[in-house]
Number of protein chains: 2
Amino acid sequence: MPPLDPEMFDPACPSSVMPIRIGEKWSAMVLICLEHGPRRFTEIRTPLRGITPKVLTGTLRALERDGLVTRTAYLEIPPRVEYELTPLGRTLLEPIAACRAWAQNHLPQLLEAREAYDHRVSG
Amino acid sequence: MPPLDPEMFDPACPSSVMPIRIGEKWSAMVLICLEHGPRRFTEIRTPLRGITPKVLTGTLRALERDGLVTRTAYLEIPPRVEYELTPLGRTLLEPIAACRAWAQNHLPQLLEAREAYDHRVSG
DNA sequence: GGTACTTGTTACTTCAACGATACTGAGTTA
DNA sequence: TAACTCAGTATCGTTGAAGTAACAAGTACC
């Protein structure tokens, strides 16, 4: 087995700027909500039970900044704002799906291991 | 377009217990280091330039807890400890690869969008 | 005797994400 | 005149991950 290449990870590590994290609280879920077309703020908020407007705003702003979603505000009363996936954002659905599939198939095993470990270390 | 299913995400959200995060600082990189066989603490540390021993220890413990790596300590002087992927940990390499591929192909576009956004909002 | 090697530990600090709660503005409805 | 709608802001507090720095233990090497 050859030694590890000391340069195998870029010092300005690409992964550190990745927009979403598997297991991150909200970003991936927001993108999934937009899968089938534009959605409104309140509409996204519903399935993400428990997300506060402040956090959802922050999440959406981050996704917008990274060119993954667009924000369109209509000058109406009451206000209407629509969020939509960009083509770039849509490409992210694929790796997200791979991760969701992994979770689907292996999460029970992971949780079992975790429980067994916790049981070993502290009764 | 049908409305979003309010139940589409489990309240005990599976993704919130996912062991790695795309873009997380270290977990995915550690798993990748173990791809080709068992590695020692210092060996892993080298390509992860900048990781402190405390953080690497914590990362490895978390992966061990989740049943993704095993830790084998040999009673030698100086001490020798080997970390190795479990079969479960090995299955995670696939979604990680999908995410790395995404980053490889689309990161420049994302960074470009980010720069343009930052330029717009604060000159 | 002093230093290095290996795999960590401990104490302290910093920072960003997350969260709870309350509030805003403009018009429309009851 | 009060309540309601939507898309957020404002303020404050909590939490966890990460970072810094120093230290440890046993043996081998100089």
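Each chain gets a letter, A, B and so on, in the order the sequences are listed, and its residues count up from 1.
Nucleotide C:dG19 holds its P atom 14 Å from the CZ atom of A:R49, rounded to whole Å. One interatomic measurement links the two molecules: OH of A:Y83 to P of D:dC6, which rounds to 15 Å at whole-angstrom precision. Across the protein-nucleic acid pair, A:L48 atom CG and C:dC18 atom C1' stand 14 Å apart, rounded to whole Å. Atom CZ of A:R61 is separated from atom C1' of C:dA16 by 18 Å (rounded to the nearest Å). Here the C1' atom of nucleotide D:dC6 and the CD atom of A:E82 are 13 Å apart, to the nearest Å. Between the CD1 atom of B:I51 and the C1' atom of C:dT7 there is a distance of 14 Å, given to the nearest Å. The interatomic distance linking A:L60 (CG) with C:dC18 (C1') rounds to 15 Å, in whole Å. Separating the CH2 atom of B:W26 from the P atom of D:dA18 is a distance of 9 Å, rounded to the nearest angstrom.
Residues passing the side-chain contact (heavy atoms from CB on, under 4.5 Å) test with A:T46, sequence neighbours excluded: B:P6. Annotation: side chain to side chain donor-acceptor pair (under 3.5 Å) contacts of B:E112 (sequence neighbours excluded): none. Evaluation of the side-chain contact (heavy atoms from CB on, under 4.5 Å) rule for B:R45 yields B:F41, B:I51, B:P53, B:L56 as partners, not counting sequence neighbours. By the side chain to side chain donor-acceptor pair (under 3.5 Å) test, B:T91 pairs with A:W102, sequence neighbours left out. With sequence neighbours excluded, the residues forming a side-chain contact (heavy atoms from CB on, under 4.5 Å) with A:E84 are A:P38, A:T70, listed by chain and number. Qualifying side chain to side chain donor-acceptor pair (under 3.5 Å) partners for B:R71, counting only residues two or more places apart in sequence or in other chains: B:Y83. Shown here are the salt bridge (Lys or Arg N to Asp or Glu O under 4.0 Å) partners of A:E82, two or more places apart in sequence or in another chain: A:R80.
Judged by distance alone, with hydrogens and angles left aside, A:K54 brings a side-chain donor or acceptor within reach of the base of C:dG19, the pair sitting under 3.5 Å.
Remark: B:I77 in residues 72-79 of chain B come within less than 4.0 Å of DNA chain D through at least one heavy atom. Of the residues in residues 38-46 of chain A, A:R40, A:F41, A:T42 come within less than 4.0 Å of DNA chain D through at least one heavy atom, sorted by number.
Comparing C:dA20, D:dT9, D:dG19 by their closest approach to the side chain of A:T57 singles out D:dT9. When distances run from any side-chain atom of A:P53 to the nucleotides C:dG19, D:dA18, D:dT9, the shortest one goes to D:dT9.
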**OP:** Go through A:L63 and A:L31 one step at a time and tell me if the side-chain contact (heavy atoms from CB on, under 4.5 Å) criterion holds.
**Re:** CA-CA 9 Å; A:L63 295 173; A:L31 293 178; 3.9 Å; yes

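The closest side-chain heavy-atom distance from B:L34 to B:I44 is below 4.5 Å.
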